[in-house]
Amino acid sequence: MSEKKLLLRALAGETLPVPPIWMMRQAGRYLPEYRATRAQAGDFLSLCYTPDLAAEVTLQPIRRYGFDAAILFADILLVPQALGADLWFVTGEGPRLSTIGTEADMAALKPADAIHETLAPVYETVRILARELPRETALIGFAGAPWTVATYMIAGRGTPDQGPAHALKDENRPLFEALLERITEATITYLSAQIEAGAEVVKLFDSWAGSLGGADFEAYAVAPAARIVAALKARHPGIPVIAFPREAGEGYVGFAARTGADCVALDNSVSAEWAAAHVQVSGCVQGNLDPRHMVTGGAALVEETRAITRAFSRGPHIFNLGHGITPDADPDNVQRMVDAVRSR
Ligand code: 1CP
């Protein structure tokens, strides 16, 4: 058992004296070495599709901080691109995509099994990482959850309230559901290929799950995640899955049981005490330090890090931020967080 990587032990339900730690967006613009490699690649998408450089930026935070897990460097929007959507990034603004609003747009999308043509370089990145990571570091693959990916494909960009996706859901539910179905199939295909290439864990990012209420949360957050988890576990028995229905609130309760996920990642809008009592009681949780502490630092960073590890100390826990680290973060604050977790 002690030979097994810490992240995998927590995911198997073990309560550890010191939780494994990694960080959402750990390869990113807050690191000078990332900015240098990104400049070498030219632009963000070239970085994603150049296996040597994508592997390099994945390894950078592991070298610097010795995190217990590396997360493949890629983006959730590569799946829409592989399905045939146009994708580009506007500097200082974010992603832009061609939109899906009509049956004709939907008919123009490629079938799920055509995604490998575009995504083959990502699998090569995974193969390089499986060879080059330190033996104690777990490799996490990932994809966006269908609802979150659909919000970008429908709006053509990030949106504060996912308005266009909600509108399509209400006005043309068959088209909306056909799109979710295509993304679900592509996600199963994509994550299976990542696992075959060497990913040891996969994470589903449902960043916009919080805007789905009631029956919609069941139908479009819980049900697609459950299908993806079941399909992956049928093809790859024992593969652990982390689900992140961000800002689900009460929806976090029972989410793992209902989807078959091994761990639920928590954002920082829920308190660690509440989550320990209501979510961690049924299994492993990941989270949930406010990423602002990586900018502000100081005594509050150390106190809050300790409070979170203490709140989750009676069950399986993976330490992480509640959302991605921001480009204005201070790399020294990340080291302070790692030290506070490991020196308990
Ligand atoms: O200029 C740059 O370097 C681009 C910034 C960037 C980075 C570093 C983007 C654009 N994507 C990424 C990498 C990325 N994205 C990873 C890699 C590994 C790591 O975590 O270290 C991962 C896991 C993602 C996942 C992702 N992309 C999500 C889900 C998680 C979350 O943050 O909620 C989402 C919503 C995206 C879309 C996306 N890609 C990039 C941006 C700026 C966005 C958000 C757009 C928006 O505002 O809606």
Side-chain angles (χ1 to χ4, degrees), residues 22-50 53-62 64-65 67 69-81 87-97 122 125-126 129 139-165 187 190-191 194 199 201-211 242-248 265-269 286-287 291 294 320-329 334:
W22 69 281
M23 198 171 64
M24 278 187 264
R25 293 281 175 98
Q26 63 192 21
R29 283 171 291 178
Y30 75 104
L31 287 179
E33 59 268 38
Y34 170 86
R35 294 195 298 269
T37 310
R38 189 180 180 286
Q40 195 187 334
D43 58 62
F44 173 68
L45 284 174
S46 303
L47 180 54
C48 291
Y49 289 121
T50 308
L53 297 183
E56 167 58 24
V57 294
T58 306
L59 291 164
Q60 286 168 350
I62 308 305
R64 204 187 247 261
Y65 303 113
F67 285 125
I71 183 159
L72 163 70
F73 190 85
D75 195 81
I76 66 165
L77 301 176
L78 303 187
V79 165
Q81 188 179 38
L87 171 68
W88 67 102
F89 282 81
V90 180
T91 311
E93 289 189 32
R96 295 290 182 274
L97 299 89
V122 177
T125 306
V126 175
L129 289 167
L139 177 56
I140 303 172
F142 75 93
W147 159 250
T148 287
V149 173
T151 67
Y152 289 94
M153 293 182 78
I154 294 163
R157 59 193 295 164
T159 46
D161 58 357
Q162 297 73 60
T187 304
Y190 182 44
L191 290 175
Q194 291 183 28
V201 175
V202 293
K203 180 168 174 184
L204 260 185
F205 286 92
D206 211 348
S207 303
W208 301 117
S211 80
I242 303 172
F244 183 36
R246 190 168 74 90
E247 291 188 355
L266 304 161
D267 71 87
N268 47 279
S269 71
Q286 176 180 286
M294 298 300 99
N320 205 308
L321 303 178
H323 200 192
I325 188 169
T326 51
D328 55 343
V334 177

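Just so you know, ligand 1 is whichever comes first in the structure, and atom 1 is the first atom listed for that ligand.
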Study note, to complete from the structure: Ranked by distance from atom 37 (C) of ligand 1, the top protein heavy atom is Asp75 OD2, 3.7 Å
Check your understanding: Any N or O of Tyr34 that comes nearer than 3.5 Å to an N or O of ligand 1?
Key -> yes
**Study point:** atom 22 (C) of ligand 1: nearest protein contact (heavy atom, Å)
**Key:** Phe142 CZ, 3.6 Å
Exercise for review: For Gln60 and Glu33, indicate whether the former's side chain and the latter's backbone hold a donor-acceptor pair under 3.5 Å.
Suggested key: yes
Exercise for review: Check each heavy atom of Arg38 against ligand 1 and say whether those closer than 4.0 Å belong to the side chain, the backbone, both or neither.
Suggested key: side chain
Check your understanding: Which residue and non-hydrogen atom of the protein lie closest to atom 41 (C) of ligand 1, and at what distance in Å?
Key -> Arg25 NH2, 4.0 Å
Point to revise | Distance from atom 31 (C) of ligand 1 to nearest protein heavy atom, with residue and atom | key: His323 NE2, 3.2 Å
Check your understanding: Any N or O of Thr148 that comes nearer than 3.5 Å to an N or O of ligand 1?
Key -> no
Practice item. Look only at the side chain of Asp206 and the backbone of Ala145, and say whether a donor-acceptor pair between them is shorter than 3.5 Å. Key: no
Point to revise | Which residue and heavy atom of the protein sit nearest atom 13 (C) of ligand 1, plus the separation | key: Ala74 O, 3.3 Å
Check your understanding: Of the backbone atoms (N, CA, C, O) and the side-chain heavy atoms from C-beta on, which set of Leu72 has a member under 4.0 Å from an atom of ligand 1: side chain, backbone, both, or neither?
Key -> backbone
Review point. Looking at Trp208 and Thr151, what are the two nearest heavy atoms and their distance?
Key: CD1-OG1, 3.5 Å
Point to revise | Closest protein heavy atom to atom 5 (C) of ligand 1, given as residue, atom name and distance to 0.1 Å | key: Arg29 NH2, 3.7 Å
Point to revise | Passing candidate, side-chain contact (heavy atoms from CB on, under 4.5 Å) with Ile140, options Val202, Leu72, Thr58, Val201 | key: Val201
Exercise for review: Using distance alone, determine whether Pro95 and ligand 1 share an N or O pair under 3.5 Å.
Suggested key: no
Point to revise | Sub-4.5 Å side-chain heavy-atom contact between Leu47 and Tyr34 | key: yes
Check your understanding: Got a second to check how far Leu31's CG is from Tyr65's OH, nearest 0.5 Å?
Key -> 5.0 Å
**Study point:** Ligand-side contact atoms (ligand 1) for residue partner Gly158, heavy atom cut-off under 4.0 Å
**Key:** 48 (O)
Check your understanding: By number and element, which atoms of ligand 1 are closer than 4.0 Å to a non-hydrogen atom of Phe73?
Key -> 8 (C), 13 (C)
Check your understanding: So, the side chain of Arg35 versus the backbone of Arg29: is there a donor-acceptor pair under 3.5 Å, distance only?
Key -> yes
Check your understanding: Which atoms of ligand 1 are found less than 4.0 Å from any heavy atom of Ser207?
Key -> 29 (C), 30 (C), 31 (C), 33 (O), 35 (C)
Exercise for review: Please could you name the atoms of ligand 1 that Ala27 approaches to less than 4.0 Å, counting only its heavy atoms?
Suggested key: 8 (C), 21 (O)
Point to revise | Nearest atoms (heavy-atom pairs only) where Met23 meets Asn320 | key: CA-OD1, 3.4 Å
Practice item. Consider every N or O of Tyr152 and every N or O of ligand 1, then say whether any pair is closer than 3.5 Å. Key: yes
Exercise for review: Would you mind telling me if ligand 1 is within reach of the side chain of Phe244, the backbone, both or neither, using heavy atoms under 4.0 Å?
Suggested key: neither
Check your understanding: What pair of heavy atoms forms the shortest contact from Gln194 to Val126, and how long is it?
Key -> O-CG1, 3.6 Å
Check your understanding: Could you give the distance from CG (Leu59) to CZ (Phe73), rounded to the nearest 0.5 Å?
Key -> 12.5 Å
Check your understanding: Without hydrogens or angle criteria, can the side chains of Gln162 and Ser211 be said to hold a donor-acceptor pair below 3.5 Å?
Key -> yes
Point to revise | Heavy-atom donor-acceptor pair, Thr37 side chain to Leu53 backbone, under 3.5 Å | key: no
Exercise for review: Report yes if some N/O of Trp208 lies less than 3.5 Å from some N/O of ligand 1; otherwise report no.
Suggested key: no
Exercise for review: Look at atom 7 (C) of ligand 1 and say which protein heavy atom is nearest, naming residue and atom and giving the distance to 0.1 Å.
Suggested key: Phe44 CE1, 3.5 Å
Study note, to complete from the structure: closest protein heavy atom to atom 25 (C) of ligand 1 is Ile76 CG2, 3.7 Å
